[in-house]
Every structure is written in C-alpha cells, then in structure tokens.
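Down below is the structure, laid out as structure tokens.
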Amino acid sequence: MIYLKLFLSFLQIGLFSIGGGYAAMPLIKEQVVDINPWLTSMQFADIMAIAEMTPGPIAINCATFVGIRVGGILGAIVATFGCILPSCFIVITLAHFYYKYRDLKSVKGVLSGLRPAVIAMIASAGLGIFLLAVFGEKTVSAGSLHVDIRALLIFASGLFVLRKFKINPIYVMLSAGVCGMILYSVF
Amino acid sequence: MTEKKDKYLKLFFTTFRVSAFTFGGGFVIIPLLKRKFVDELHWINEEEMLDLTAIAQSSPGAVAVNASVIIGYHVAGLLGALISAIATVLPPLVIISVISVFYKAFRDNVIVSMAMKGMLAGVAAVIFDVVINMASALIKQKRILPLLVMAAAFTASYFFKVNVIVIILVCALIGVMDSVIRERKMKGEER
C-alpha cells in the first residue's frame, strides 16, 4: 500500500524535524533515499535545488515531489498531508494553552524573554539571505569578497521603498524578480 | 453568516498569497504574515505575533505551516486552522506538481535563476524592514535586558549556529528569572 507508506514516512519527517528547513534535510534524505527507494541521491540533490528556487517549505516541496513520482497527484496530497499533520496538532494544542495562560505571571515572564530572541533569530535568517544574495555565501570571509552590485542595488532600493512608502512586500519581491531578470541579462 | 464567510475567505486568500511568496526558508513567512495580519487586517497584535512565532519555531515541522495554522486558529478556531493549513500547502503543492514534469529544464533555466537571484535580494529587504520595525519597538521600551537578550541571541544564532531550541529555552529561562527578580524588588520597595 504505497499511499500508506508515503503517509507514514512523511508523518515521521513532519514529527521529527524541529528547527525548520535545513534541519529537516538529513531526515528527508533518510526516508526517501535510504529507507525507501523513491529517489536517487542525484534526484534528491535536484529537488533540494528546486525547493530553494520555489516558494514553500522544503519538507512540503519534497513531499509533493516524491509523492507525485511514487503515486501521482494523490500521492503528493497524501505525503503533504502526512507531513503537516503532526505539527498542526502540536501547534494548535500549544496555541490553545498560550491563549488560556498567557496572562499568568510565569508565562508572561517566559514570553518577555522569548520576544527579543525571536527578533534576533529573524534578523539572523535575514542577514544570511542578504549575504547569500550579495556575496553568494551565507558566511563571508575576508578572502572571498566578491560583491554582487546588482543584488545590492535591488536590496537597497527594495528596503528604501518599503521604509519610505510602506508598500506591500509581495510587490517588492515581484519587482525584485523582474529587476533581477533585467539587470542580470543586461550587465 | 456572510460576515463569517467573508472572514474565512479573506483568511484563505491572504494566507495563500503569502505562502506563494515564501521563498528562502521558513522565517521569510513571518514578516509577510506580520504585514498582512498585524499591520493591515489588525487581526492580531505585534506582541502576539512574536509569541506565535516562538511557538511555531519551537514546534516540529515547517515554520511557515506552523505560523499560519496558529494564526488561523486564533482568527477562526479549528476551522480557521484547517483553512490556513490548506492555503499554506496549496501553492507549493501546485507549483512543485507542475515543475516535477519538467524539473531538469526548470533547474537549468537561465531566466528563472536570474529572477530568483533578484527575488533573493528582495526577500532580504523585506526581512530587514520588518526587523527594523520590531527592534525599534523593543528599543522604545527603554529596558536594557531585552536588548542584551536580543544581541546575545543574534550572536548565538548567527555566529555560533546554536540550535534554535536551545536559544528559545535559555531566553525563556532568562525571562522567568527577570520577572521573579523584578517582582521581589517591587515587594521589597513596598515594605
């Protein structure tokens, strides 16, 4: 029963991948390459590259890709469903308790410690993406300073219009994509 | 009834649109969700958004799905959570299904990779914008400890690649100790 197998495999991926995207990669590889003969290592590398180029969480992208190869559209749906089921259940439970107990003093204390940490982690992810866009690497060493002026230009003008005119970020990303096509093909 | 239906529809299409633009990993969805649900629709406030992000981040699974599900649950209960979950997975499900047919051509396409490079820079700008907003709200509180926690968490996360769960646990502990100490101080002053 291939659908059940898909479902259970991605259920495990969804349940045990804590910490988002890249933390899930080895877990996904184990399930779809090593344990089950669904993808070759090369195909797995391909889907990782595609997952980075397309929107959506890596685990979901992978579930769809594997599901469709193994069991068509229904396979993709089953795998995706398995992937999100555990976390949906867990976050709804946590959210329920959050709204019930957030006015308790101890919970307030916990939350007041978490808020700055969340901002810091978003900033850290943002800096990683910025460096990847401008220098081509997530961590920059002094020896490999190759600045991508075009990306820097897109970043700076994007940030400027966001700060100045408060426009919808989705439009900023769309125009950044169009600018990318123009700038990288002209220069 | 129509008002409720309107809310469900709005929840679905807002989440769907945001999910369709979540390039580059889980955290990218947070600024986009914040812009929509906090700044535009006013369905949740800024503090709640940070708290929900912490829950989404410390639970297993994709951060993007977790965050939307919690927002959906808050806005419209279990049905809202279901609507958000479907709206979040639908864009990648459809896009990858289509691409899987000709994925080699897509992967090697020059135009696509140019657009993606541009979008990556755009994503960075969007995240910076939201971080500036959030951090300046924190600075306005005029308390030193949250700023120290923010700086330390950033250093731990970016430079030392400390696991997010560890960061979250340590910061939660600092938050509890801080509130206990402040309470003792207040009681001491009363005497």
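Chain letters run A, B, ... following the sequence lines, proteins first, then strands; residues in each count from 1. Keep in mind it's a predicted model, so treat the numbers as computed, not measured.
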Shorter than 4.5 Å, heavy atoms on both sides: which option in [options] has the most such pairs with chain A?
{"options": "Pro146(B), Ala115(B), Ala54(B), Ala81(B)", "value": "Ala115(B)"}
{"options": "Met134(B), His74(B), Arg107(B), Met116(B)", "value": "His74(B)"}
{"options": "Val131(B), Val94(B), Leu93(B), Leu78(B)", "value": "Leu93(B)"}
{"options": "Ile95(B), Val18(B), Ile111(B), Ile132(B)", "value": "Ile132(B)"}
{"options": "Ser179(B), Pro91(B), Cys171(B)", "value": "Cys171(B)"}
{"options": "Ile96(B), Leu145(B), Ile127(B), Leu147(B)", "value": "Ile96(B)"}

Any residue meeting side-chain contact (heavy atoms from CB on, under 4.5 Å) with Glu47(B), in chain and number order, not counting sequence neighbours: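 Per chain and number, Glu47(B) pairs via side-chain contact (heavy atoms from CB on, under 4.5 Å) with Arg115(A), Asn45(B).
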Select one option (side chain, backbone, both, neither) describing which atoms of [X] are under 4.5 Å from chain A's heavy atoms.
{"X": "Val69(B)", "value": "side chain"}
{"X": "Ile86(B)", "value": "neither"}
{"X": "Asp39(B)", "value": "neither"}
{"X": "Tyr73(B)", "value": "side chain"}
{"X": "Glu183(B)", "value": "side chain"}
{"X": "Arg17(B)", "value": "both"}
{"X": "Ser97(B)", "value": "both"}

Give a yes or no on whether [X] and [Y] share a hydrophobic cluster (residues Ile, Leu, Val, Met, Phe, Trp, Tyr; joining criterion: side-chain heavy atoms under 4.5 Å apart).
{"X": "Val162(B)", "Y": "Met150(B)", "result": "yes"}
{"X": "Ile144(B)", "Y": "Leu114(A)", "result": "no"}
{"X": "Phe160(A)", "Y": "Ile170(A)", "result": "yes"}
{"X": "Ile35(A)", "Y": "Phe44(A)", "result": "no"}

Is there a side-chain contact between [X] and [Y], using heavy atoms and a 4.5 Å cut-off?
{"X": "Arg35(B)", "Y": "Asn168(A)", "answer": "no"}
{"X": "Phe21(B)", "Y": "Leu174(A)", "answer": "yes"}
{"X": "Gln43(A)", "Y": "Tyr103(B)", "answer": "yes"}

Evaluate the side chain to side chain contact (heavy atoms under 4.5 Å, CB included) criterion for residues Asn133(B) and Arg163(A): first the C-alpha distance (whole Å), next the side-chain angles of each, then the deciding distance (0.1 Å), finally the verdict. CA-CA 9 Å; Asn133(B) 287 340; Arg163(A) 301 300 305 166; 2.9 Å; yes
With a 4.5 Å cut-off on heavy-atom pairs, point out which of Ser185(A), Ser124(A), Gly180(A), Ala133(A) contacts chain B the most.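 Winner by heavy-atom pair count: Ser124(A).
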Verdict with supporting geometry, Met121(A) and Ile168(B), side chain to side chain contact (heavy atoms under 4.5 Å, CB included): CA-CA 10 Å; Met121(A) 286 186 287; Ile168(B) 282 178; 3.8 Å; yes
I'd like to know if the side chain of Arg150(A) and the backbone of Gly118(B) have a donor-acceptor N/O pair within less than 3.5 Å.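 Between the backbone of Gly118(B) and the side chain of Arg150(A) there is no qualifying donor-acceptor contact (under 3.5 Å).
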What is the distance from atom OG of Ser112(A) to atom CD of Gln141(B), rounded to the nearest 0.5 Å?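 Rounded to the nearest 0.5 Å, the OG-CD separation comes out at 9.0 Å.
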Can you tell me how far apart CG (Leu90(B)) and OG1 (Thr64(A)) are? Round to the nearest 0.5 Å.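 Here the rounded value is 10.0 Å.
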Go through the atoms of [X] and report whether side chain, backbone, both or neither lie under 4.5 Å from a heavy atom of chain B.
{"X": "Ile84(A)", "answer": "side chain"}
{"X": "Pro86(A)", "answer": "neither"}
{"X": "Leu153(A)", "answer": "neither"}
{"X": "Ile167(A)", "answer": "backbone"}

If the test is side chain to side chain contact (heavy atoms under 4.5 Å, CB included), which one of Thr80(A), Val91(A), Ile60(A) qualifies with Val65(B)?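 Exactly one option meets the side chain to side chain contact (heavy atoms under 4.5 Å, CB included) with Val65(B), and it is Ile60(A).
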Any residues in residues 4-11 of chain A near chain B, with a heavy-atom distance under 4.5 Å, and which are they?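 At a heavy-atom separation under 4.5 Å, chain B is reached by no residue of residues 4-11 of chain A.
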Strictly less than 4.5 Å between heavy atoms, which residues of residues 93-111 of chain A line up against chain B? Please order them by number.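 Result: Leu94(A), Ala95(A), His96(A), Tyr98(A), Tyr99(A), Arg102(A), Lys105(A), Ser106(A), Gly109(A), Val110(A), Leu111(A).
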Evaluation steps, side chain to side chain contact (heavy atoms under 4.5 Å, CB included), between Val130(B) and Ile122(A): CA-CA 9 Å; Val130(B) 170; Ile122(A) 298 177; 5.7 Å; no
Can you list the residues that meet the side chain to side chain donor-acceptor pair (under 3.5 Å) rule with Ser68(B), with sequence neighbours excluded?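 Side chain to side chain donor-acceptor pair (under 3.5 Å) check on Ser68(B) returns Thr88(B).
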